[in-house]
Every structure is written in structure tokens, then in C-alpha cells.
Amino acid sequence: MTLEKNYNPADIETRHYKAWEDSGVFGCGLTRAPGSQPSGDPFTIVIPPPNVTGSLHMGHALNNTLQDILIRYNRMKGRDALWQPGTDHAGIATQMVVERRLAEQGVEIDRGLPPSKDGNTLIDRDTFIDKVWEWKAESGGTITGQLRRLGASCDWARERFTMDEGLSRAVRKVFVELYRKGLIYRDKRLVNWDPKLHTAISDLEVEQREVTGSMWYFKYPIEGAENKYITVGTTRPETMLGDTAVAVHPDDERYRDLVGKNVVLPLADRPIPIVADEYSDPEKGSGAVKITPAHDFNDFEVGRRHDLPMIDIFDESGFLNENVPESYQGLDRFVAREKVVEAMDSLGLLEKIEDNPMTVPYGDRSGVVIEPRLTDQWFVDTKTLAEPAIRAVEEGTTKFVPRHWENTYFEWMRNIQPWCISRQIWWGHQVPAWYGPDGEVFVAETEEEAAQAAAEHYGKTTGVTRDTDVLDTWFSSALWPFSTLGWPDETPEVARYYQTDVLVTGFDIIFFWVARMMMMGLHFMGSVPFHTVYIHALVRDEHGQKMSKSKGNVLDPLDLIDEYSADSLRFTLTAMAAQGRDIKLATGRIEGYRNFITKIWNAARYAEMNGCRPDPAFDPADCSLTVNRWIVGAAAETEAKISAALEEFRFNDAANAVYQFAWHSFCDWYLEFTKPILSGDDEAAKAETRAATAWALDQILLLLHPISPFVTEELWEKLAPAGGRAGPLITSSWPSIPEAGGTAEAAEEMGWVIRLVSEIRGVRAEMNVPAGAKIPLRVQGASGRTNERLSRHEELILRLARIDSIGPVEGDVPKGAVQVVVDEATCFLPVGDVIDIAQEKDRLAREIDKIGGEISKLEKKLGNENFVSRAPEEVVQENRDRLAEFARSREKFQEALTRLSAL
RNA sequence: GGGCGCGUAGCUCAGCGGGAGAGCGUUCCGUUCACACCGGAGAGGUCGCUGGUUCAAUCCCAGCCGCGCCCACCA
């Protein structure tokens, strides 16, 4: 029963987690056993689903700590809390991982090409998919296990996976419905092509990197004119083999005569036209620009306007294909680049080369340069879907916290481009489209339906083949807030928990995920998926660098949990989660908050050792002792602060409030104040104080629980009242502290004691009075109230300020005494030979000087007529009071100085 | 090019119209019976710069300087 001297978090944390999970307290109302359902309104959060094969990083730790705080807080408030967990199949990322693992075993997927290495085996699509599921079975529990270790109180019974049958059905239904409404369509367009992954990717998956490249200037000979050239600049020389025009500005005098003529494209030896197009900027380069419609987004538009041929010169791996001269065929694009430059140079057609700072598109997964490529792909008409999603945020139906992220959302949504959703990979939701023999497309939820539609179309039964593409992972993620609840079925969960309440996520996926959930939620459910989007910061290293493996500055949350405890890590992340700023995480901070957890543990040990056990009969509104009324009032204030902070997502304020109350108010002062009572012989006072101590500690456990659930649950259990607790802390009610009479007076009175003790301690230290030495305290000019307080708190003043006796100044003021001023009273501390007169005079003079500074500032302010007449009355009065206070205290110090000088 | 954010104590950061704050670090003192992962006391800041608004500006506005990020473009 007795608490161990040292707190051992590891065992305790895993034990409580298991007990919570086994007892079903994480469950929402609909998954709880009958009779144990919460009566309050639902409070729902859907987890940002981590990659099923991933592992917990610091971003997850922050993200899930904040969600868990909201869930635990609302659960304690009596809400029917649902934290819907699950994982994401992460199409490209997972496929890459599994392919890499297979490669180690000499296995690769059959892309219709020979094996890349001799002796490698090729596997077909079905076999590969089986391998991915195997890998999922093997590693899929890792991250959910780690979330458990962190303390995440998810409703695990409801765990979902984006490739579950139910969620897959939701994907198919959404695809079919959007297709039928014309909001999904197939089109041959220029898309971002990843030559390493052999798939199209969306604009968002392209990362622009700053590099210093080169600008090559080529001379293209004018057809039928000797030694006449037009110069074009390019950053990608190899694409010239796919040029189908040169464009000049229609108003550009230099080239006016050439428009309509041809140049002979060198190397390829093709005549291509010189066209006039406003895309060409006379200020840039030579003013003439080569046009490669199949490999550049701008050139593509120019090509459309002038009906130019589109020559695709690359294969799916970025090697040159049969559309280029034979000597270039089969070359890698960067090899071809060098060869083109060499060839042009040897023909005398390379005018110059310049360094050129530029941004180059890279695939965010593959890390290779993206090639715009003309292919057939599936697109979502996001422009149409975005409209209601923009309106919802404009109208405040969904709010972002911090608010400024709404700008980011608006900017992207108002300029949204069609979303390319098809991927030429194998792992993911296969596009529910089938093709007839002539290429006619039949979109349907099942093959049977597609076959039937085909039969009707052709007037006879015929075979259909399924589209081999899969959908962008984010397509299924976009449905997450309702697909996880059972949609498209009309489940009780959908009815009760949609719309959800808060989405907690990082700013890096506002476009990828938040925006798309808004669009899909509004379209399919008719309402926004959440009323609040809380955007948290990025966790960086202590120097503000992004954590990355290559920099070696990664802090692994699991390591930190092992070293310090989950409670400590959670508290640290919470205390640092101020809005709108990145978190620079130093292990020193975690250590500091680990100490806080230990402090709580020790305070509980103290309470236990002193028989401070929660008393169900204790009424915090009815304490007879000032010190107890004081702690009750302070607890009430803290509860109000924390509740307000959590309602407004000011997590750091909540953490700091409980820290301040627990460590400073409770441990530093209250426990010290009450020691004389507990060791005294007033049984009634003792009983009340024991109960009050236990009660205050309980409030700390309750208030701290959402942030640091483990140590609080452990202490809650260990510090149970004689009859035991009604239930675990996790399902206990959030404190609602009754209005108690006299708390303001108690706060004022104990504040005075704190001032007095602090003043005395201060001068003792400054005057080098030995810490162990007890000295008398003689008070002059004390009011009746002060005398009352001195006697009421005599014992604790003796103890805390190391005083041996308290009394009034009798006769002459003590010689060789240090003096402090507290309100109207001057306190003399005769320290005998210890005092150094010169040093004390110096101290007093400095004090007077400091106060003098404040006084002159205030006098100047109050002397300003404009201030007195225009500032609010209470502000003026406040300043007058402060001035009077300073003046009185300066006077006391002045007197003290005079007395010393007279010695 | 467009947008967003940030410059406050040695470090990391709160505060954001009326008395400059916290944690860590640092200095001094202290191991008495919850805790040295502790207790007590202290030092440390022209709140980036320059103007403006206001009775009053770290806080609001403008400009500048320095950092970071996002989006777009790039012949």
C-alpha cells in the first residue's frame, strides 16, 4: 500500500494501459457495455491515420498527445468521447518498402520488362499484393502498439484500415458517384511523371528544389536561309528532340519577319514552325523560346493553341524512345542531355552556357527529377467540389486554430487544379472501371455491374477488363471521417458521431488531407467533417533544424519514453505546444518535466505518510482554517484556467497552470504551511487539513490526468479513501469546485504570509545569516489585523523563516537589526554580530533607489493631466494606490537607513 | 513574384495596449523527518531598428533589417 520511494514509470505505465484497455473505458458509448455508457453529447476525433507499416516519430507523439488530452478531458467532462483510430495503406510508400524488401531476396515485380538483375525472379500483381498483406500482418501492429505506449486512449475495438472491405466499398461508391456526376473523368493530359516509380503523381507530391543549373543557348538554323539562326535558351537540352515549334512574341520586332517560317530542328533534322504566341517574353533570354508540348506544362498550352504535334520522347523510365534519332534511343535523359550539348557544340550551334539558379521538380517519395508526360489519367474536378468547402470556412462552419491557417487553405482552394488520382502502381484501391473490347469504359462498383452495363451497351455479353491503375492514397483518406464510421451503410455510428468535433493535425497536410476531407464530407454527408481544425507545430531539434536521419538529429519518442516516461514526454510536448510556433525540443526540457512528475510522486508519498487520505465527507466549500480555504480557492482558480485553456486549444497554458499550482502553490507553500498543523495537537484542525491536503492532491491528479495519465492514475489508485474509489481516474469527473466563501480573503492573507516569509528569507540570505541560525522577529507599526495574522500563523512563520520568537518592538528599536518592510509593518531581525552595518546600509540604499525609480515613473504619469482625464478611472486609481504603496514603503526604508546611520 | 510566420533574460519560449514573465542554464547558501529528479536566495532584458497612432506601446499601424516556411513561375 505504501508508495515506493522511487517512481518506476515503465511497469506502472504498461500495467495501467492494459487495465484501461481491458476494462473497455476507451470505448465510445456505442461500444461500451450497456449500463456504462456516458450520458453526454458525443465528442469525436478521428485520428490522422498513420502509415500502417510506419513507426512512431516525434510528430506523431505530439499529434496524438494533443488528441488524447482532448479526448480524456472531454471524457472526464461526461461527453461520449470517441477517438476513432486506424491506419493508412499509404500506397506508394508501402509499395516502395515492400519492393525494397523483395529486392533483397532477389525478387522484383513484373513490369513487362526483363529482370533488372540476372537471376531475379519476377512476380505478378496478385503475388505482390499477397506479399504486401504479409508485410502488413508482420509490421502493422508496430505503430498502434507505440500509440498505446504513448497512452493514446483510442477506441481500439473500432480500429479501421483504409483497405478494409468496408472502407474499400466506400471508395468504390464515391468513385462511381462522382464519375456519374461528371466530377471524376478520364483525360489525356500532361501530368507529373515519376520515372523511378513509373507512375503519375499529383502536384502536391512534387517537391520544388533550389539548384544551380545551366542555361544552354542553342542556335536553330532558319530554313532556306544561309547562316541565319534563331537562338533559344533551355535548361533541359535533351527535350529539344521533342520540339515542335519556336515561339516569339507577336509584337517582337526582331522576329516579326520570321513568323510563319520554319527552322530546321538540329539533330532531328525536322522542320518546325516559328509561331507568334504571347507566352514568349521578349525580355527573357533571346526572346524566342523552343516549344516541347509533350514535356512542359506551358509548352503544352502553346501547342494546343497552335495545333502543334506533341512528340513524347521518353519511355516510362525516362529513357529516350523511338521518337528520337536512332543514336539517342535508349539513352537515359541525363546522358542524352550531355550528348545533345556535345553534338550541338560540334555543329557550332551552341551559342553559350550560363549558370542558372532554378527550381527543379522532384518526386517527394522517389527523390528523382519529375518529367511532365502526356498520359491517360483519372482526375477529380476539384474546382467544383472546392466551392462549398471554401464557403464553409468563410462562413465559419469550420474554423482553423490558429486562425491564420485559413489563409493558406483559401489560397490553395481558390486556385485548385484538377486532382490526378490514378497511380500506376499495384498497392491500393484499384480503379473501379472496366473496358470493353473497343475501349469503352464502364464505371461500376463491381465487375458484375460493369459486365452487365457492357452487355447492355454492346447488345451482347462480352468480356470486360479492369483498369489496372490504383487510386491516390489520399483519395481514401479523404473519406476517413465517415468511412470509418461505417458509411455507406446507415450505421448508428454515422448517425451519432458524424460530424466529428476536432481534427488535430500538422500544417503539412492541410492540402493533402484537410481540404480533401472538407470537399468529400460536404459532398457526400452534406455537412463539414469537423467544426474545428487544430493545426499544431512541427517538432524540430533543439537548434530548430528539421529532424532527419541524414542529419542524425532524430529524437525517437520511444527512446525518450524509455528514458523518462510517457508522462514526461507528453507533458513536455504539451507545455511547448504554443500556438503558431515550431517546437524546438531539447532533452533538457523533458528532464525538467520528468522532475515535475517525480515531484508529484513525492508529494503523494508525503500525503500518504501523514495520513492524508481522501475523505468523501470533506466539503471544500466549508473549511474553517484560512490555509485550507486558500488552497481550495487556488485549486478552483487553476481548474478554471485549465478548462478555459483546453477549450481554446491553449495546451501550453493548461500545462503551465497545473505545473504552477502543483509545484509552487501546493508543494512549496501549502505543504509547508500545514506541517505545523499536522505535527500539532489540534485534532480538529489536523483532521480538516489532512482531508484538505488529500483533496487538493486529488484535484492535481484530476487536472493533470489528460496530460500525464499514467502517474495520476497510479496515485489515484494508491491514495484511495478507506472505502476505495468509485472508479479509475480516467472515468472520473472533471473537477467542479464549488464556490467557497472567504477564498478571496484567504488568498490575501496567505499572500501576506508568503510576502513576509520571502522578505525575511531574502535579507537573511543577503546578510549571510547562517541558514541554520534562528533569529527573533520584532515588529513595529503593525495594525491590529497584522498582529492577528502574526499570531494566527506564528508557528509557520517561525518554521519557514527560521525565527525563534515573534513580538512587538519594546522600548528602543533593536540595535544592529536588519529591517524589512511588509505593508504597514517594519520588521526587525536582530542578527547580532552577524550584521555588517555597511553592507546593510548599502542594501537599504539600493532598495530605496529602486523604489524611487518606480515612484518617479508613477508621479510623472499621474502628473500628466491627459492621463488623469483620459485614462479609465480604475487605471488611474490603481496607479495612485501603487504610488501610495511605494511611498509608504520608501519611507520605512528611509527610516531604517536613518536608524542605522545613527549607530 | 504572391502569401504566412518569427525576431522578448545565456538557451528554448510564454505574454500582445496601462506594474517585463516561465522552464532550463548560471551564482551563492542548505543534506531537519515527501522529494538533491530536492529546498532557499540571487544575478541576468534599451522586449530587432526607425517612425506613427494613443493620455499610455514589448503589445496596434507603416517602413526597414535579419531569419524561417508555403505557393507560383523560371527560355
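The basis for the numbers below is simple: all heavy atoms, side chains too, and nothing from hydrogens, waters or symmetry mates.
- For the C1' atom pair drawn from B:A9 and B:A22, the interatomic distance equals 11 Å after rounding to whole Å.
- Note: CD (A:Q660) to C1' (B:A22) measures 9 Å, nearest angstrom.
- Panel note: side chain A:R337, backbone A:E238; no donor-acceptor pair is recorded below 3.5 Å.
- If you check every strand for non-hydrogen atoms under 4.0 Å, A:A247 touches nothing.
- Atom pair A:D203:CG and B:C70:P shows a separation of 16 Å (rounding to whole Å applied).
- Between the CG atom of A:D653 and the C1' atom of B:A22 there is a distance of 11 Å, rounded to whole Å.
- Rounded to whole Å, the separation between the C1' atoms of B:G40 and B:C35 comes to 15 Å.
- The salt bridge (Lys or Arg N to Asp or Glu O under 4.0 Å) test applied to A:D252 returns A:R254, not counting sequence neighbours.
- A search for side chain to side chain donor-acceptor pair (under 3.5 Å) contacts involving A:E563 returns nothing, not counting sequence neighbours.
- Distance, A:I510 CD1 to B:C69 P: 17 Å, rounded to whole Å.
- Remark: A:N192 engages A:I201, A:D203, A:V206, A:F297, A:I370 in a side chain to side chain contact (heavy atoms under 4.5 Å, CB included) (not counting sequence neighbours).
- A side-chain donor-acceptor contact under 3.5 Å links A:S202 and A:E205.
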Quick test: give all pairs of protein nitrogen or oxygen and nucleotides 9-13 of chain B nitrogen or oxygen below 3.5 Å, distance rounded to 0.1 Å.
{"from": "B:U12", "atom 1": "O2", "to": "A:R589", "atom 2": "NH1", "distance (Å)": "3.2"}
{"from": "B:C13", "atom 1": "OP2", "to": "A:K584", "atom 2": "NZ", "distance (Å)": "2.9"}
{"from": "B:C13", "atom 1": "O3'", "to": "A:R581", "atom 2": "NE", "distance (Å)": "3.2"}

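- When the P atom of B:C71 is taken as reference, atom CD of A:Q417 falls 14 Å away, rounded to whole Å.
- Nucleotides B:G42 and B:C59 are separated by 29 Å at their C1' atoms, to the nearest Å.
- The salt bridge (Lys or Arg N to Asp or Glu O under 4.0 Å) test applied to A:E354 returns A:K352, not counting sequence neighbours.
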- Query: How would nucleotides 32-40 of chain B be written as a contact map, 5' to 3', with B for base contact, S for sugar-phosphate-only contact and - for no contact, using protein heavy atoms under 4.0 Å?
  - Reply: B-BB-BSSS

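- B:U31 sits 10 Å from B:G39 when the C1' atoms are compared, rounded to a whole Å.
- A:R209 has its CZ atom 18 Å from the P atom of B:C73, to the nearest Å.
- Comparing the C1' positions of B:C13 and B:G5 gives a spacing of 15 Å, expressed to the nearest Å.
- No engagement by A:N656 is indicated, since no non-hydrogen atom pair under 4.0 Å with the nucleic acid exists.
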- Query: In dot-bracket notation, what is the pairing pattern of RNA chain B, taking Watson-Crick (N1-N3 plus N6-O4 or O6-N4) and G-U wobble (N1-O2 and O6-N3) contacts under 3.5 Å, with [ ] crossing and | for other strands?
  - Reply: ((((((((.[[[[.)..(..]]]].(((((.......))))).....[[[[[..)....]]]]])))))))....

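- When the side chain to side chain contact (heavy atoms under 4.5 Å, CB included) test is applied to A:S758, the partners found at least two apart in sequence or on another chain are A:W669, A:I754.
- Side-chain proximity of A:K861 to the nucleotides B:G30, B:G3, B:G19 is greatest for B:G19.
- Rounded to whole Å, the separation between the P atoms of B:A20 and B:C47 comes to 11 Å.
- Residue contacts shown for A:H664 are limited to sugar-phosphate atoms, with no base heavy atom under 4.0 Å away.
- Toward the 5' end of RNA chain B, the nearer of the two residues A:S758 and A:Y593, judged by each one's closest nucleotide, is A:Y593.
- Among the heavy atoms of the strands lying under 4.0 Å from A:A871 is at least one base atom, whether or not backbone atoms are also near.
- Rounded to a whole angstrom, the distance from the C1' atom of B:U58 to that of B:G7 is 12 Å.
- A:R589 is linked by a salt bridge (Lys or Arg N to Asp or Glu O under 4.0 Å) to nothing, counting only residues two or more places apart in sequence or in another chain.
- Residue A:F511 contributes atom CZ, which lies 16 Å from atom P of B:C69 at whole-angstrom precision.
- For the residue pair A:D243 and A:T292, a side-chain donor N or O sits within less than 3.5 Å of a side-chain acceptor on the partner.
- When heavy atoms are screened at a 4.0 angstrom cut-off, A:S869 is found touching no nucleic acid atom at all.
- One atom, CZ of A:F571, and another, P of B:C24, lie 12 Å apart when rounded to the nearest Å.
- Pairs engaging residues 849-865 of chain A under the side-chain hydrogen bond (donor to acceptor under 3.5 Å, both in side chains) rule: none recorded [sequence neighbours left out].
- Partners of A:E759 according to the salt bridge (Lys or Arg N to Asp or Glu O under 4.0 Å) rule, which considers only residues two or more places apart in sequence or in another chain, do not exist here.
- Relative to the ring axis of A:Y564, A:R594 does not place its NZ or CZ within 45° and under 6.0 Å from the centre.
- Checked against side chain to side chain contact (heavy atoms under 4.5 Å, CB included), A:A276 has the following partners two or more places apart in sequence or in another chain: A:P250, A:V259.
- Nucleotides B:C60 and B:U27 have their C1' atoms positioned 40 Å apart, rounded to a whole Å.
- Within the 4.0 angstrom heavy-atom criterion, base atoms lie near A:Q208.
- Taking the ring centroids of A:Y7 and A:W601, they lie under the 6.0 Å cut-off.
- Along RNA chain B, the nucleotide nearest to A:G772 and the one nearest to A:E878 differ in position, and the one closer to the 5' end is contacted by A:E878.
- No engagement by A:V232 is indicated, since no non-hydrogen atom pair under 4.0 Å with the nucleic acid exists.
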